Each structure stands twice: as C-alpha cells, then as structure tokens.
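Worksheet: the structure to be examined is printed underneath.
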Amino acid sequence: MKKILVLHGPNLNLLGSRENEIYGDLTLAEINKRIKKFAKKKGFVVEVYQSNHEGELVTKIQEAKGVVDAMVINPAAYTHTSIAIRDALAAAKIPTVEVHLSNIYRREEFRKISLSAPIAIGVISGFGAFSYILGLSAAWEIISGEKKTKGYGRKFRK
Ligand code: CA2
C-alpha cells in the first residue's frame with residue numbers, strides 16, 4: 001500500500017480555538033479525522049504529524065526519505081522563514097504538495113513568500129481544511145499510476 005505523510009507546522013495544534021475567521025472552525029483532531037477517512041476511502045496509508053519545532057519537522061522529513069511515497073505539508077509560519085525545511089524537502093526528493101488553510105496571497109506581504117513552494121509539485125492555498133483533502137487528492141493521483149494526471153503535461157507530474 002502507498003503511504004502519504006501529512007505534516008502540520010507550528011501553532012496548527014491551536015486550530016479551532018482562535019482565529020476561526022481565518023483558519024476555520026475545525027480543530028486539528030477533526031481535520032486529521034477527515035484526512036484519515038479520505039485515505040481509507042482511496043486505499044492508502046496516511047501518517048499525520050504536527051510539531052511546533054523546526055528541527056523536529058526537519059527530522060521527520062529526513063526519516064520519510066525512502067519510506068513514504070508522497071508528502072502533504074502545511075509548514076505554517078515556517079513556510080515564510082525556514083531554509084532548513086526547504087533543504088530537507090529538497091534532500092528527501094519525495095513528491096510533495098504544500099497546502100495552506102488560508103489564501104496566503106490575500107494576506108500580509110510577508111506571507112506571500114513561500115521558501116518551500118519551489119520544492120513542491122504544487123501549492124493549494126485558501127480552501128480551509130479542504131486544502132488538505134485537495135492536496136492529498138493531488139498527491140494520491142500522482143503516486144497511484146498517474147491515471148487522471150496523464151495527459152495534463154509533464155510539469156504537473158512528479
Ligand atoms: O493558512 C495557513 O495554513 C498558514 O500556513 C497558517 C499559518 C500561517 O503562519 C501561514 O502564513 C499560513 C499559521 C498557523 C497558526 O494557526 C493558528 C490557529 C489558531 C490560532 C492561532 C494560530
């Protein structure tokens with residue numbers, strides 16, 4: 001069975017408690033439940049991991065090399081700051097989709113820069129918790145024989 005790792009960055013453990021107008025009402029536990037339900041429906045294994053620590057996320061990405069088939073990552077604030085996470089993603093060479101709950105291009109200037117996006121296959125931003133499902137869907141299509149993605153152009157694929 002294929003395996004997809006979903007990584008949540010710092011402060012995402014606070015979801016549902018504050019800033020609901022930006023990030024939605026769902027808690028991280030509720031989002032993870034939906035992620036697992038989607039994985040079950042499609043027939044792949046999913047592991048979810050959240051950390052508030054840059055180094056722990058880097059270690060998790062390093063450990064994923066050769067073990068997982070794809071990654072979906074919301075690096076949260078590290079999106080805009082972490083060369084370490086970008087370097088880890090580049091070294092892991094795992095097809096990765098970057099996701100954001102909010103549309104980072106409709107917010108402050110500093111959020112419009114993603115250091116990790118150039119390493120990702122693509123970025124999904126602005127669909128609330130559904131961004132994770134869209135990201136997983138894209139990752140799954142890419143690793144599961146590229147059926148639906150076939151014919152859409154090489155750049156779309158891993
Ligand atoms: O929109 C996203 O998914 C972000 O990655 C979320 C990050 C933010 O720094 C990025 O610019 C965009 C912030 C996650 C913090 O989430 C909180 C949730 C509830 C209360 C406080 C923070």
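Being a predicted model, the structure only gives us computed values, none of them experimental. Read the numbers this way: they start at 1 and go in the same order the structure lists the ligands and their atoms. Along the sequence shown, residues carry numbers from 1.
Between L5 and I94, the closest side-chain pair of non-hydrogen atoms is not below 4.5 Å. Counting heavy atoms from C-beta outward, F127 and V99 have side chains that stay 4.5 Å or more apart. Between M71 and L89, the closest side-chain pair of non-hydrogen atoms falls below 4.5 Å. When side chains are defined from C-beta on, P10 does not count as touching L12, because their heavy atoms never get closer than 4.5 Å.
Set against the non-hydrogen atoms of H80, the atoms of ligand 1 under 4.0 Å away are 10 (C), 11 (O). Listed by atom number, the atoms of ligand 1 under 4.0 Å from L12 heavy atoms are 14 (C). Within the listing of ligand 1, atoms 19 (C), 20 (C) sit less than 4.0 angstrom from a heavy atom of L14. Near Y23, meaning under 4.0 Å from any of its heavy atoms, are these atoms of ligand 1: 1 (O), 2 (C), 6 (C), 7 (C), 8 (C), 13 (C), 16 (O), 17 (C), 18 (C).
Between E19 and ligand 1, no pair of N/O atoms sits closer than 3.5 Å. Polar contact with ligand 1: present for L101 (N/O pair, distance under 3.5 Å). Ligand 1 has no nitrogen or oxygen under 3.5 angstrom from a nitrogen or oxygen of R107. Considering backbone and side-chain atoms together, R111 places an N or O closer than 3.5 Å to an N or O of ligand 1. For ligand 1, the polar-atom distance check against S17 finds no nitrogen or oxygen pair separated by under 3.5 Å. Below 3.5 Å of separation, one finds an N or O of N74 facing an N or O of ligand 1.
Through direct or indirect side-chain contacts shorter than 4.5 Å among Ile, Leu, Val, Met, Phe, Trp and Tyr, L115 is connected to I83, I113. With side-chain heavy atoms closer than 4.5 Å counting as contact, directly or through intermediates, the hydrophobic cluster containing M1 also holds V45.
Residue-level proximity to ligand 1 for H100 is carried by backbone and side chain together, each with a heavy atom below 4.0 angstrom. Proximity of N11 to ligand 1, defined as any heavy-atom pair under 4.0 Å, is shared by backbone and side chain alike.
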If you apply the rule salt bridge (charged side-chain N to carboxylate O under 4.0 Å, His left out), what do you find for E109 with K112, and how did you get there? CA-CA 5 Å; E109 284 303 309; K112 293 179 184 167; 2.6 Å; yes
Just do the side chain to side chain donor-acceptor pair (under 3.5 Å) check on S114 and E98 with the steps written out, would you? CA-CA 10 Å; S114 168; E98 179 175 314; 2.9 Å; yes
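Counting only heavy atoms of the protein, atom 20 (C) of ligand 1 lies nearest to R18 O, 3.5 Å. Closest to atom 1 (O) of ligand 1 among all protein heavy atoms lies S102 OG, 2.5 Å.
Interatomic distance, CZ of R34 versus CG of L136, reported as 13.5 Å (0.5 Å rounding).
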